[in-house]
Amino acid sequence: MPAITVDDVLVLPRLPTLDPTTTSYREARRVITAPSGFEGEGFPVRRAFAGVPYDELDPFIHLDQMGEVEYAPGEPKGTPWHPHRGFETVTYMIDGIFDHQDSNGGGGTITNGDTQWMTAGAGILHIEAPPEHLVTSGGLFHGLQLWVNLPSHQKMSPPRYQDIRGRAAKLLTAPDGGALVRVIAGEIAGHPGPGSTHTPITIAHLTLEPGAQVDLPWRSDYNALVYVLGGNAAVGSRRHPLHTGQLAVHGPGDALRIAADAAQSTTTPRLDVFIMGGEPIREPVAHYGPFVMNTRAELVQAFEDFQAGRLGTIPAERMPHTSADETPPA
Ligand code: MN
């Protein structure tokens, strides 16, 4: 897993050592194993939030782990043009390359550790696909797409696009140097990441050496979700086991504890986890396909607006795309 790595973590700022007598560790209270499926034109995903009620995910809606997959030449896949309204998509690329273009003029290429942050707001059309040279060559593909909800008063805000380079992530390490923490948005122990968010959240990608442990101060008014991208872990002071493709929803407290098992597999020699937390929006969630609103009537309106072309139009100068199928996913 390349993402962003450093030669010597000991030059990085260190996380504080927490006092166990005054720290309230958050414990895993629900653990799910993500089922596998396919997205877009058929790229393999793990549905990391499957079966978890929205009120426990709030302010998050959906998380796909895309890959990890080693494509043969001609095999890499993306999505056709499709709409969104009412939330933000955050795409974090660990390995491989994804191109993006949207009807608001946003677009670019993300690779090893880059994040693309798209606020759909009132409406947008976009496409996410591997570049032609990668389709030709094949290769490794691994990333995440997280959906962050917007409160009702921001659902119809103007679309926005942020391109966050991997090297812009705030890098931290554990007091003993056993972990690399990449803060992408929000803050950890006073160290802010580069992502600008409508809804207050913190997201970070952690890599732990076998046997390492990390304690993270975590805002008690945020929820806390830990997803294992690869490896074997134990979370909380009660050391609940968690492995590749599992999500732990944590209970209340003011810190997270994540430990990497001393024994890891040869395919995932280190532990990689993605951590998410945010201030719950506490509004009704009406979610269907590519739209996340508050009521069914607003979903119907979103479909009508899409059909009428009011969520945007596919740009005339559109990026090359391997599929003739331009129908949106159901
Ligand atoms: Mn999309």
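None of these values were measured; they are calculated from a predicted model. Every number for a ligand or one of its atoms is a count from 1 in the order of the listing.
- The number of protein N, O or S atoms lying under 2.8 Å from the Mn ion (ligand 1) is 3.
- Of the possible donor and acceptor atoms, none in the side chain of T207 sits under 3.5 Å from a partner among the backbone N and O of R270.
- The only member of W117, Y161, W81 that meets ring pair (Phe, Tyr, Trp, His ring centres under 6.0 Å) when paired with H100 is Y161.
- For F49 and Y227, the ring centers sit 6.0 Å or farther from each other.
- Between H250 and W218, the closest side-chain pair of non-hydrogen atoms is not below 4.5 Å.
- A side-chain donor-acceptor contact under 3.5 Å links S237 and E27.
- R219 places none of its side-chain heavy atoms less than 4.5 Å from the side chain of T202.
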